[in-house]
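Have a look at the structure below, then the notes.
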Number of protein chains: 2
Amino acid sequence: MAVTIVDVAHKAGVSPSTVSRVISNDSRISQKTSRKVRKIMEELGYHPNMLAKSLVTKTTNNIGIVLPRPADELFQNQFFSEIIRGIVTKAASGRYDVLLTTGTNEIEEEQAVERLVRGRNVDGIILLSSKKEDRTISFLREKKFPFVLVGRSEQYSDLISVDNDNVQAAYDVTRRLIQAGHRKIAFVSGPLNLTVSKDRLDGYTKALYEAGIAVQAQYQFEGSFTMESSEEVVQDILKLKDRPTAIVAIDDLVAFGLIRSFWRQGLRIPDDCSIAGFNNTLISEMCLPPIASVDIGIYQMGTSAAQALIQRIKGDGFEQARIIIPHQLIWRESAGAHS
Amino acid sequence: MAVTIVDVAHKAGVSPSTVSRVISNDSRISQKTSRKVRKIMEELGYHPNMLAKSLVTKTTNNIGIVLPRPADELFQNQFFSEIIRGIVTKAASGRYDVLLTTGTNEIEEEQAVERLVRGRNVDGIILLSSKKEDRTISFLREKKFPFVLVGRSEQYSDLISVDNDNVQAAYDVTRRLIQAGHRKIAFVSGPLNLTVSKDRLDGYTKALYEAGIAVQAQYQFEGSFTMESSEEVVQDILKLKDRPTAIVAIDDLVAFGLIRSFWRQGLRIPDDCSIAGFNNTLISEMCLPPIASVDIGIYQMGTSAAQALIQRIKGDGFEQARIIIPHQLIWRESAGAHS
DNA sequence: CTGAAAGCGCTAACAG
DNA sequence: CTGTTAGCGCTTTCAG
């Protein structure tokens, strides 16, 4: 069928290994032979079969990404497209392709990782989120398979990970709200088994604590990154006798959901309640009012993750490293000072 | 190293071929042997090496996506994350993974496709955009390699493609604006070598024509999907003696860019100018004011493309087909009636 | 119903 | 500097 290395060898009157060496630019091949072989390759329209190559070299030049849970839902969130954008860009510049896979639930996700790793489909993996007891991480670690975690693992500290200082970031936003005069500040997290939720909750708590403000359970809400859950949170808030005057949301999308829900209830942001989010995605800029947000450098997280992974695969770079991408408050109208 | 089919065969006291047959659920294997072999596989923690399998079966269960030009820029646009979301979801349900690749320019893109195809890395390809003289399409077509085009090809009509009726969609928006009383309607396209730009321009023109409105060159602008280019377009519009009262933008992002630029110049939307976009992405809902937009069913385009490709790979389904995803006008504040 | 043998296309010692 | 020889791990005739 397709032209192989043997065909080229034949026609060039050399051995297959010579052709192979020409392809890999082996130093000890003569200019003459090299030129001759290359010419034949050209003529015959030869192109190496990567599968065969991979089979013997045991490398694929692919890096895998497993999309968290509903490939479906989560993609809505610009976080994922941003980080993938970063990963793909960096990967491409390092001559790697990106293999995207997903499962419809946690089990399937785990299986997907196992399939990629043990099926030898990828040279390394980037994990886009970490749970409390993350079996995928344990598996990868045990197998000593190259991987990079975007986020932080609560179980293991000896991993390569790319993350923000989420505690500090949440602390910073909260503090800023406190400085603006707020005392009754609520926090709307994502699912609490996600490390990022907990870290930000911690930062929030810490800021309140340092300011001598009592941390109240009634001001803490566990959401789920969806509009519906934001709707419910707002319902709950409205039922409170002593409503918060400001809210820190885990996410711009959640912040937006809150703003919209409040709006429907006839409340105005920031007049009736200040709101701040995280990620500084397009949405924060475009919302009415624009949303105060923490820029966590998502794209950069993607490029850093890809770079760290590639280095790890190649054996240079670190065996373990915690790469922290700096964050930055972008203050906008949704978080006007408390009047 | 890792446990292979031979190890399993040995331990089970059968031949490798038998194990292979067990794996592929070959009908003519006895229940007994099958059970025995499966048990050993379990014990040994056997997992098939997909590369080896792929090498002989010549299928990978991967489908490739080549990100148009700057993986970088284009991802900004929610169109791409949406469509990839659709593709990945559908692919996963058909037991396919998605291989993402990109190039920094047109040449590299072409090479990327060639690399994937000839390197046997993927079973099929989804193309996310088509240019006027698209060499990638010619290459794929000539090679008879399974692929699906998202969009429309001007050169070939005998392809499998998933598209909207962009002419009709643009016609519909424009007509709606005309019905609202507008006579001076501008059109801001993307690069005109993109088929989608041309199709929408055609629809726009057709609507004007039918309404007996002169089509004026000064009302047609070629943008490039970026904020900067929207800024420039607004500058140009403001220079016109006879400014348009409404604008059809190729895209929500462009619409948003226009709105923002107008805003900065002290003009208000829709009072000073009505604006409508395409895609109905989150941004259109969240913008101030909310942007009237054509919902083109991006996610569905993704799932349809993946489905069509998988069918084509498997040999069922069509050799050629033009799948049209319906569109729908979502009228919002940015396109208030002309007063 | 199962085994033996050949081979997918390539690389990597080991010789020369 | 180049050729020979073994595989990589799996599937697939062809026999039995």
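Note on naming: letters A, B, ... go to the chains in the order of the sequence lines (proteins, then strands), and numbering restarts at 1 for each one.
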- Message: List the residues meeting salt bridge (charged side-chain N to carboxylate O under 4.0 Å, His left out) with R141(A), not counting sequence neighbours, and say none if there are none.
- Response: D158(A)
- Counterpart residues, salt bridge (charged side-chain N to carboxylate O under 4.0 Å, His left out), relative to K11(A) (two or more places apart): E43(A)
- Lys/Arg-Asp/Glu bridge criterion (N-O < 4.0 Å) met for R85(B), E82(B): yes
- Message: Among residues at least two apart in sequence or on other chains, which ones pass side-chain contact (heavy atoms from CB on, under 4.5 Å) with V66(A)?
- Response: T101(A), E109(A), V113(A)
- List in chain and number order the residues that pass side-chain contact (heavy atoms from CB on, under 4.5 Å) with N164(A), two or more places apart in sequence or in another chain; answer none if no residue qualifies. N166(A), I296(A), M301(A), I325(A)
- Any residue meeting side chain to side chain donor-acceptor pair (under 3.5 Å) with E114(A), in chain and number order, not counting sequence neighbours: R118(A)
- Query: Can you name the residues that form a side-chain contact (heavy atoms from CB on, under 4.5 Å) with S24(A), not counting sequence neighbours?
  - Reply: D26(A)
- Give a yes/no answer on whether the side chain of T57(A) brings an N or O atom under 4.0 Å of OP1 or OP2 in dT11(C). no
All N/O pairs under 3.5 Å across the protein-nucleotides 6-8 of chain D interface:
{"residue": "dC8(D)", "atom": "O3'", "partner": "K58(A)", "partner atom": "NZ", "Å": "3.3"}

- Check salt bridge (charged side-chain N to carboxylate O under 4.0 Å, His left out) between R135(A) and all other residues, then give those that pass, not counting sequence neighbours. E110(A)
Considering only nitrogen or oxygen atoms on both sides, find all protein atoms under 3.5 Å from nucleotides 2-4 of chain D and state each distance.
{"residue": "dT2(D)", "atom": "OP1", "partner": "S30(A)", "partner atom": "OG", "Å": "3.2"}
{"residue": "dT2(D)", "atom": "OP1", "partner": "T33(A)", "partner atom": "OG1", "Å": "2.3"}
{"residue": "dT2(D)", "atom": "OP2", "partner": "S30(A)", "partner atom": "N", "Å": "3.0"}
{"residue": "dT2(D)", "atom": "OP2", "partner": "T33(A)", "partner atom": "OG1", "Å": "3.1"}
{"residue": "dG3(D)", "atom": "OP2", "partner": "S15(A)", "partner atom": "N", "Å": "2.9"}
{"residue": "dG3(D)", "atom": "OP2", "partner": "S15(A)", "partner atom": "OG", "Å": "3.3"}
{"residue": "dG3(D)", "atom": "OP2", "partner": "T18(A)", "partner atom": "OG1", "Å": "2.5"}
{"residue": "dG3(D)", "atom": "N7", "partner": "R21(A)", "partner atom": "NH1", "Å": "3.2"}
{"residue": "dG3(D)", "atom": "O6", "partner": "R21(A)", "partner atom": "NH2", "Å": "2.3"}
{"residue": "dT4(D)", "atom": "O4", "partner": "S17(A)", "partner atom": "OG", "Å": "3.1"}

- Query: Given axes from five pairs at either end, by how many degrees does the helix from dC1(C)-dG16(D) to dG16(C)-dC1(D) bend, rounded to 10°?
  - Reply: 30°
- Task: To the nearest Å, give me how far apart CZ (R118(A)) and P (dG9(D)) are.
- Result: 14 Å
- Apply salt bridge (charged side-chain N to carboxylate O under 4.0 Å, His left out) to R21(A) and list each qualifying residue two or more places apart in sequence or on a separate chain. none
- Task: Mind checking side-chain contact (heavy atoms from CB on, under 4.5 Å) for K53(B) and listing every partner two or more places apart, or none if nothing turns up?
- Result: M50(B), T57(B)
